[in-house]
K.L.:
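Encoded as structure tokens, here's the structure I'll be asking about.
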Amino acid sequence: MHFLQVFNIVTLGIVITMAPDSGKCEEISNTCAVISCGTHSHNGLPGRDGRDGKEGPKGEKGDLGLQGLRGLQGPPGKAGPTGPKGAKGPPGEKGQEGKSGLLDLEDLKSQFRALGGQMQTLQDKLEKQQKILLFLGGKKIGGKMFVTNGKEENFETAREKCAEAGGLLAAPRNEAENTAIQDLLQRDISQAFLGISDEHVEGLFKYVTGEQISYSNWNLGEPNNNKDDEDCVEVLNDGKWNDIPCSLARLVICEF
Ligand code: GN1
Ligand code: CA
Ligand code: CA
């Protein structure tokens, strides 16, 4: 065998031994355009499509888009600055002629005299009414007038009768007033209710106005709350007091 032929056979053997399998041949063809697969005796099949290339550079900026939709209404803005002052108006019409201070004083004096006259008239009428009450048996003591209607009622009705007349059930605050009430007792009706009771707290006697009593003229041994049923007070014809049941009927005496 010729030396050149031996060299070709050895070289072919090395190439076949070192050639990668068909899969790896593809990888090599991507990176090495010179190496070809297969033998020199036949042309190989066309290679497969190459892999996708790397991402290209960023494109140019696009055209301006269409105008967007109108937005929602915003909150009200701050108040604006004060406007300029308006022009001065025309002068008003002339007023009526004023009265002199002297005339005003005369008016007041005249009104004062008229009021004084009216007060005197009222005073006269009040005195007349009081004379009528005294004529009918009323008793005047200090600033009070004690009057009886001559009737007997239970405590509650007696209190109502006096209130309806604009007064209170009589309640003496001192000996003089007690005597005035005592004088109103009658020959046939010798006991009268006083505007005093312990109906709310046993043993604690109060005026019908709610104050605790400041004067008393109890009979000996009274108040005894007899039979546990005596919360009202009567004045006897000797001026002494006794507690009795409120349901009993006694002379009605009011104070005004
Ligand atoms: C009277 O009647 P007699 O004795 O039960 C009086 C009481 C006196 C008591 C004094 C309704 O009760 O209030 O505390 O005498 N009862 C009436 O002895 O007047
Ligand atoms: Ca009592
Ligand atoms: Ca009694």
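For ligands, and for the atoms within them, numbers begin at 1 and follow the listed sequence.
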K.L.:
Has Asp243 got a side-chain atom pairing as donor or acceptor with Asn225's backbone, closer than 3.5 angstrom?
P.N.:
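Checking the backbone N and O of Asn225 against the side chain of Asp243, a donor-acceptor pair under 3.5 Å is found.
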K.L.:
Is the backbone of Glu222 close enough, under 3.5 Å, to the side chain of Asn242 for a donor and an acceptor to pair up by distance?
P.N.:
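Looks like no, no N/O pair under 3.5 Å.
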K.L.:
Quick check on salt bridge (Lys or Arg N to Asp or Glu O under 4.0 Å): which of Lys140, Lys139, Lys144 does Glu177 satisfy it with?
P.N.:
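Only match with Glu177 under salt bridge (Lys or Arg N to Asp or Glu O under 4.0 Å): Lys144.
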K.L.:
If you consider just the N/O/S atoms, which atom of Glu222 is the closest one to the Ca ion (ligand 3)?
P.N.:
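Glu222's closest N, O or S atom to the Ca ion (ligand 3) is named OE1.
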K.L.:
Using a strict 4.0 Å cut-off to heavy atoms of Asn242, name the atoms of ligand 1 that fall inside it.
P.N.:
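By the 4.0 Å cutoff, the relevant atoms are 6 (C), 7 (C), 8 (C), 13 (O), 14 (O), 19 (O).
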K.L.:
What residue and atom, counting heavy atoms only, is the protein's closest point to atom 11 (C) of ligand 1, and at what distance?
P.N.:
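In this structure, atom 11 (C) of ligand 1 has Leu248 CD1, 3.7 Å as its nearest protein heavy atom.
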K.L.:
If you count the atoms of ligand 1 from 1 in the order shown, which ones are under 4.0 Å from a heavy atom of Asp243?
P.N.:
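Near Asp243, meaning under 4.0 Å from one of its heavy atoms, ligand 1 has 13 (O).
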K.L.:
Is any protein N, O or S atom closer than 3.0 Å to the Ca ion (ligand 2), and if so, which?
P.N.:
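N, O, S partners closer than 3.0 Å: Asp198 OD1, Asp198 OD2, Glu202 OE1, Glu202 OE2, Asn225 OD1, Glu230 O, Asp231 OD1.
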K.L.:
Using modelled atom types only, decide if a donor and an acceptor are shared between the side chain of Thr179 and the backbone of Glu175 within a distance under 3.5 Å.
P.N.:
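Confirmed, Thr179 side chain pairs with Glu175 backbone.
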K.L.:
To the nearest 0.5 angstrom, please state how far the SG atom of Cys254 sits from the CG atom of Leu168.
P.N.:
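Answer for the SG-CG pair, Cys254 versus Leu168, is 8.5 Å.
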K.L.:
Ignoring hydrogens, tell whether any protein atom lies closer than 4.0 Å to atom 3 (P) of ligand 1; use the non-hydrogen atoms only.
P.N.:
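Yes, at least one protein heavy atom sits under 4.0 Å from atom 3 (P) of ligand 1.
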K.L.:
Got the closest protein heavy atom to atom 16 (N) of ligand 1, with its distance?
P.N.:
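The closest heavy atom on the protein side is Glu230 OE2, 3.5 Å.
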K.L.:
To which residues is Leu184 joined in a hydrophobic cluster, defined by side-chain heavy-atom contacts under 4.5 Å among Ile, Leu, Val, Met, Phe, Trp and Tyr, whether direct or through other members?
P.N.:
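Members besides Leu184, by chain and number: Ile141, Phe146, Ile181, Leu185, Ile189, Leu194, Ile196, Phe205, Tyr207, Ile213, Tyr215, Trp218, Val233, Val235, Trp241, Leu251, Ile253.
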K.L.:
Taking Glu199's backbone N and O only, do any of them form a donor-acceptor pair with Asp231's side chain (distance below 3.5 Å, no angle check)?
P.N.:
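Side chain of Asp231 to backbone of Glu199, a donor-acceptor pair under 3.5 Å: no, none is there.
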K.L.:
Only heavy atoms count here, so choose which of Lys227, Glu222, Glu234 is nearest to atom 8 (C) of ligand 1.
P.N.:
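Ranked by closest heavy atom to atom 8 (C) of ligand 1, first place is Glu222.
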K.L.:
Does a donor on one side chain sit under 3.5 Å from an acceptor on the other, for Gln120 and Asp124?
P.N.:
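Checked: Gln120/Asp124 side chains pair up, N/O donor to acceptor below 3.5 Å.
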K.L.:
Do Glu153 side-chain atoms and Ala249 backbone N/O form a donor-acceptor pair below 3.5 Å?
P.N.:
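Judged by distance alone, no pair lies under 3.5 Å.
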K.L.:
If you measure from the Lys or Arg side-chain nitrogens to the Asp or Glu carboxylate oxygens, is any gap between Arg173 and Glu211 under 4.0 Å?
P.N.:
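Yes, Arg173 and Glu211 are salt-bridged.
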K.L.:
When you measure from atom 14 (O) of ligand 1 to each heavy atom in Asn224, Leu220, Asn226, which option holds the nearest one?
P.N.:
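Answer by nearest heavy atom: Asn224.
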K.L.:
Can you tell me if an N/O/S atom from Asn224 lies under 3.0 Å from the Ca ion (ligand 3)?
P.N.:
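So Asn224 counts as coordinating the Ca ion (ligand 3), yes.
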